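Since the model is a prediction, treat every value here as computed from it, not as a measurement. Side-chain atoms are counted along with the backbone in the values below, which use heavy atoms only and exclude waters and symmetry mates.
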Amino acid sequence: MGKRLLSSGELASELGISRRSVSRYADEGLISVALVTPGGRYKFDLDVVRDELRKLAEERRNDRP
């Protein structure tokens with residue numbers, strides 16, 4: 001059985017952030033969209049997004065003076 005893909009709202013709930021933040025991060029290319037439905041809705045893989053956000057946070061920490 002394949003992984004279950006999450007909607008923006010479900011992902012937001014899992015991550016403890018707003019749905020709008022999820023959409024903004026996806027639009028800015030900070031997180032990967034696993035699938036765009038025919039209706040234009042984003043679907044996400046939770047493990048992939050968590051890994052991307054972890055790497056992004058680490059990069060930002062390393063960029064501090």
Side-chain angles (χ1 to χ4, degrees):
M1 180 185 243
K3 285 189 174 186
R4 179 174 163 260
L5 298 178
L6 304 178
S7 68
S8 298
E10 292 168 328
L11 182 67
S13 179
E14 287 288 331
L15 297 174
I17 60 177
S18 72
R19 188 174 55 82
R20 179 69 189 120
S21 291
V22 169
S23 295
R24 189 176 73 245
Y25 294 165
D27 290 342
E28 292 176 3
L30 298 174
I31 60 174
S32 298
V33 176
L35 174 74
V36 180
T37 68
R41 306 253 184 206
Y42 293 163
K43 297 291 184 171
F44 301 90
D45 180 316
L46 178 60
D47 294 333
V48 170
V49 172
R50 279 187 174 151
D51 188 48
E52 291 172 334
L53 291 176
R54 194 174 302 119
K55 288 177 183 175
L56 182 62
E58 184 177 312
E59 288 172 11
R60 289 185 175 178
R61 276 193 303 271
N62 291 336
D63 287 345
R64 288 187 192 166

Next on the checklist: Quick check for you: to the nearest 0.5 Å, what is the distance between Leu53 atom CG and Tyr25 atom OH?
Outcome noted: 7.0 Å
Checklist entry - Looking only at heavy atoms, which two atoms of Ile31 and Glu52 are closest? And how far apart? => result CA-OE1, 3.1 Å
Next on the checklist: According to a hydrophobic-cluster definition based on side-chain heavy atoms being under 4.5 Å apart (Ile, Leu, Val, Met, Phe, Trp, Tyr only), do Leu15 and Leu5 belong together?
Outcome noted: no
Identify every side-chain donor-acceptor pair in residues 38-48 under 3.5 Å, counting partners at least two apart or on other chains, and give the distances.
from: Tyr42; atom 1: OH; to: Asp27; atom 2: OD1; distance (Å): 2.7
from: Asp45; atom 1: OD1; to: Asp47; atom 2: N; distance (Å): 3.0
from: Asp45; atom 1: OD1; to: Val48; atom 2: N; distance (Å): 3.3
from: Asp47; atom 1: OD2; to: Lys3; atom 2: NZ; distance (Å): 3.0

Item to check | Chi angles and distances behind the salt bridge (charged side-chain N to carboxylate O under 4.0 Å, His left out) call for Asp51, Arg54 | outcome: CA-CA 5 Å; Asp51 188 48; Arg54 194 174 302 119; 3.8 Å; yes
Item to check | Main-chain N/O of Ser7 paired with Glu10 side-chain donor or acceptor, under 3.5 Å | outcome: yes
